[in-house]
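Quick note: numbers below take in every heavy atom, side chains included, and nothing from hydrogens, waters or symmetry partners. Only a predicted model underlies this, so the values are computations on that prediction, with no experimental measurement involved.
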Amino acid sequence: MLSCQVPAGIRYTADRFKDLFAGRLGSYSNLCSLFCLFLFGLDELSSLVRTCPWTHSVSDLSRAVRCFDGNRFMRRMRASILRRYHGKICPEDFHYAVDDTANPRYGKSIFRCGAWHSSSGPYRGQKILVLVLVDVKRNFALPIGYEIVAKKGDPDYLPAHKLACGILGQVIQEGFPKLHVAADSWFDSVDFMSDLEAMDLSFAGEIKSNRKVKPCPSPKVSWRSLKDIFQKIERNDANSRFDSEAVKAGKKRPKSFSQRRIWIRKRRSPLNVVAVYNRKNGLNAFAYYATTDLSMAGARLWEISRGRWKIECLFRDLKQSLSFGRLPCVGAEAAHLSVCIPFALVVGLRLDEASRWGLNETDSIGKMIGKIKEVEFQRSISILLQPGSLLLKDKLRGRRQLSRVSEKPVDQLAEAA
């Protein structure tokens with residue numbers, strides 16, 4: 001990969017944040033450089049300097065990283081999202097989703113690095129809790145808040161559901177509306193549901209299939225399994241705006257669901273629960289979804305639960321295409337920068353006009369970035385072939401000399417120094 005000038009989309013995105021770091025990141029060029037590091041999927045500052053000859057030195061970029069302020073950056077990004085939606089974020093077409101993601105890291109003194117367990121097994125690194133805004137009409141999720149989770153026993157430790165409610169309270173205070181909150185079964189605790197209700201928000205997500213429940217609150221009624229409760233209830237087709245084209249065209253069978261109110265342990269109020277089946281006459285449910293909003297229709301609950309998967313798609317795009325969390329610097333500023341800047345790039349690619357990036361807005365993030373890389377590479381070849389690019393060529397040769405592959409790149413060849 002090679003880029004001899006700043007991509008136009010990077011300049012447009014960086015312009016929204018440059019006043020936050022005036023005199024702190026050293027220069028506007030450093031801010032654009034750090035955006036390019038993640039856009040091109042690079043792993044370290046040395047790779048960035050070798051890829052983009054217009055950037056400053058590795059030492060200069062390292063000093064810029066230590067000046068990063070994640071809180072101010074995220075507040076500015078959320079404000080830009082609200083502006084671009086013009087305040088038209090309605091509950092019918094939007095909802096929130098919350099989940100955590102594993103960020104494996106190895107090394108000493110890495111910010112909030114420890115031993116964790118995830119659905120794929122144990123790992124060492126960071127656990128990052130993320131809140132997204134799911135746009136149902138346009139079929140994507142936008143990151144709007146996060147926390148790097150502290151280990152139990154640390155002075156600033158808080159349970160994950162408390163962190164999630166803290167992020168939600170902050171974004172609502174900044175102007176985002178009160179919407180339904182989708183989550184997977186790791187967040188189906190009674191405490192999380194109660195905290196959301198105290199904030200006038202509704203939980204709408206998956207619950208564990210092994211829960212013991214009751215069809216009524218009477219102490220004389222025994223606790224039963226979810227499978228038994230839903231065994232003889234009428235089932236309907238589960239339609240959603242997230243259904244595949246084959247389902248919408250009638251070429252593939254949609255899922256079916258049955259709905260009823262149930263009570264769970266340690267909660268006085270009932271939950272509105274749907275059991276979703278792959279077949280209308282299926283014996284075992286595909287999953288169970290619950291909401292604290294007792295007036296919500298089963299089809300709407302299924303749609304919100306389907307929309308929650310967009311946060312998983314976001315995690316995939318961030319890790320595969322945008323070097324999410326991979327900046328090798330160990331400090332807190334670098335940890336927050338390696339989360340915030342990929343978030344800002346996702347928002348820019350999704351919400352900016354296609355002409356800013358020269359892209360098709362219906363493409364996936366991975367396809368968009370692939371096109372940007374190819375365009376910049378072709379443009380760099382054209383620049384290097386021009387007669388007046390002698391200084392740029394010498395600088396590029398110096399930074400990419402084979403004798404310094406495992407060392408910091410420099411601007412001049414050793415024999416020319």
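With Ser258 contributing its side chain and Glu234 its backbone, the two residues share no donor-acceptor pair below 3.5 Å. Of the possible polar contacts, one joining the Arg138 side chain to the Arg350 backbone as a donor-acceptor pair under 3.5 Å is found.
Classification of Glu92 and Lys137 as a salt-bridged pair fails, no side-chain N sitting under 4.0 Å from a carboxylate O.
In summary, the side chains of Thr291 and Asp293 do not present any donor paired with an acceptor at a separation below 3.5 Å, with no hydrogens or angles considered. Ser33 and Asn30 form no side-chain donor-acceptor contact under 3.5 Å, judged by distance and modelled atom types alone. Side-chain contact, Asn103 with Lys127: no donor N or O sits under 3.5 Å from an acceptor N or O.
Annotation: cation-pi pair Lys255/Phe286 present, NZ/CZ under 6.0 Å from the ring centroid and within 45° of its normal. A cation-pi arrangement is found for Arg235 relative to Tyr277, the charged atom lying closer than 6.0 Å to the ring centre and inside a 45° cone about the ring normal. At least one cation-pi condition fails for Arg124 and Trp116: the charged atom is not both under 6.0 angstrom from the six-membered ring centre and inside a 45 degree cone around its axis. The side-chain tip of Lys18 points at the ring of Tyr28 from less than 6.0 angstrom away and within 45° of straight on.
For an aromatic pair to be called close, the ring centres must be under 6.0 Å apart, and Tyr85 with Phe94 satisfies this. Residues His180 and Phe203 keep their aromatic ring centres 6.0 Å or farther apart. Annotation: His336 is not in aromatic contact with Phe73 [ring centroid separation under 6.0 Å not met].
Enclosure of atom CZ in Phe377 is not indicated, since only 12 or fewer non-hydrogen atoms of other residues, nucleotides or ligands lie within 6.0 angstrom.
The shortest side-chain heavy-atom distance between Arg112 and Val149 does not fall under the 4.5 Å cut-off.
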### Task
For the pair Arg399 and Thr55, evaluate side chain to side chain donor-acceptor pair (under 3.5 Å) and give the outcome as yes or no after the intermediate values.
CA-CA 11 Å; Arg399 291 188 175 190; Thr55 61; 3.1 Å; yes
### Query
Does the side-chain contact (heavy atoms from CB on, under 4.5 Å) test come out yes or no for Arg267 and Met193, once each step is laid out?
CA-CA 9 Å; Arg267 180 177 169 83; Met193 296 178 189; 4.0 Å; yes
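For the atom pair Arg50 CZ and Arg404 CZ, the distance stands at 8.0 Å (nearest 0.5 Å).
Nearest approach of Ile10 to Cys32, heavy atoms of both residues: CG2-O, 3.8 Å.
The only member of Ile262, Asp188, Val273 that meets side chain to side chain contact (heavy atoms under 4.5 Å, CB included) when paired with Arg211 is Asp188. Between Arg76 and the choices Asp19, Asp69, Asp15, the salt bridge (Lys or Arg N to Asp or Glu O under 4.0 Å) rule is met once, by Asp19.
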